[in-house]
Amino acid sequence: MNEIDLIKEFQHIEDNFDRAVVTNDIAEIKKCITSDWVLVDSQGGIIPQEQFFQVLKQGLLSHSAMSKEVLRVKMYGGVALVTGRGQNTGTWQGEPMEADEWITDVYKKDGDEWLCVLTHLTPVKK
């Protein structure tokens, strides 16, 4: 598979994840990630998925829009490194939030599916 096809495949996977997060559907989010997935960001450090799901369940975090553009995919056997840029809006603890971030997602092949193992976010410097 060439890089253009890989970008299209992972764009579809990322779009599914974005839809699951915007709807706060934890069951759908879990279909996109491994059981040990973590989120790494500049403010919270390493955030285990249970902590992420807890703030969704409590309504502390919600997203009204989320989009990513996959810009680069590199394969290393059963591991894929996906780099892109994403924007999202929503609320955090009742306050409006807006983010523009560089995103690196690490995926592993699990049977016929690609599941995200780690998401690393870096705010875009403006």
Practice problem: State, yes or no, whether a side-chain contact exists between V73 and Y107 at a heavy-atom distance under 4.5 Å. | Solution: no

Exercise. Please report the shortest heavy-atom distance between Q11 and K68, naming the atom on each side.
Key: NE2-O, 2.8 Å

Self-check item: Nearest-0.5 Å distance that lies between atom CH2 in W102 and atom CG in L71
Solution: 6.0 Å

Quiz item: Measuring from C32:SG to E14:CD, what's the distance to the nearest 0.5 Å?
Solution: 9.0 Å

Exercise. Check whether L115 and L118 end up in the same hydrophobic cluster, where Ile, Leu, Val, Met, Phe, Trp and Tyr are linked by side-chain heavy atoms less than 4.5 Å apart.
Key: no

Practice problem: Give a yes or no on this: more than 12 heavy atoms of other residues, nucleotides or ligands lie within 6.0 Å of atom CD of E98. | Solution: no

Quiz item: Quick one: NE2 on H120 to CD on E101, what's the gap to the nearest 0.5 Å?
Solution: 10.5 Å

Quiz item: So do the side chains of E28 and T23 get within less than 4.5 Å of each other, counting heavy atoms only?
Solution: no

Self-check item: Exceeds 12 heavy-atom contacts within 6.0 angstrom, atom NZ of K8
Solution: no

Quiz prompt | Pairwise distance CD(Q87) to OG1(T89) - rounded to 0.5 angstrom | solution = 10.0 Å

Quiz item: What about F10 and I7, same hydrophobic cluster or not, with Ile/Leu/Val/Met/Phe/Trp/Tyr joined at side-chain heavy-atom distances under 4.5 Å?
Solution: yes

Quiz item: To the nearest 0.5 Å, what is the distance between CD1 (I13) and NZ (K31)?
Solution: 15.0 Å

Quiz prompt | Backbone N/O of I46 and side chain of Q51: donor-acceptor pair under 3.5 Å | solution = no

Quiz item: Taking the hydrophobic residues Ile, Leu, Val, Met, Phe, Trp and Tyr, and joining any pair whose side-chain heavy atoms are under 4.5 Å apart, which ones share a cluster with F53?
Solution: F17, V21, V22, I26, I29, I33, W37, L39, I47, F52, V55, L56, L60, L61, M66, W92, M97, I103, L121

Quiz prompt | Over 12 foreign heavy atoms within 6.0 Å of CD, Q43 | solution = no

Exercise. Report yes or no: does D41 contribute a side-chain atom to a donor-acceptor pair with the main-chain N or O of G44 at less than 3.5 Å?
Key: yes

Quiz item: Can you name the residues that form a salt bridge (charged side-chain N to carboxylate O under 4.0 Å, His left out) with R72, not counting sequence neighbours?
Solution: none

For residues 74-85, dump all side-chain donor-acceptor pairs below 3.5 Å to protein atoms at least two apart in sequence or in another chain.
unit_1: R85; atom_1: NE; unit_2: D100; atom_2: OD1; d: 2.9
unit_1: R85; atom_1: NH2; unit_2: D100; atom_2: OD2; d: 2.6

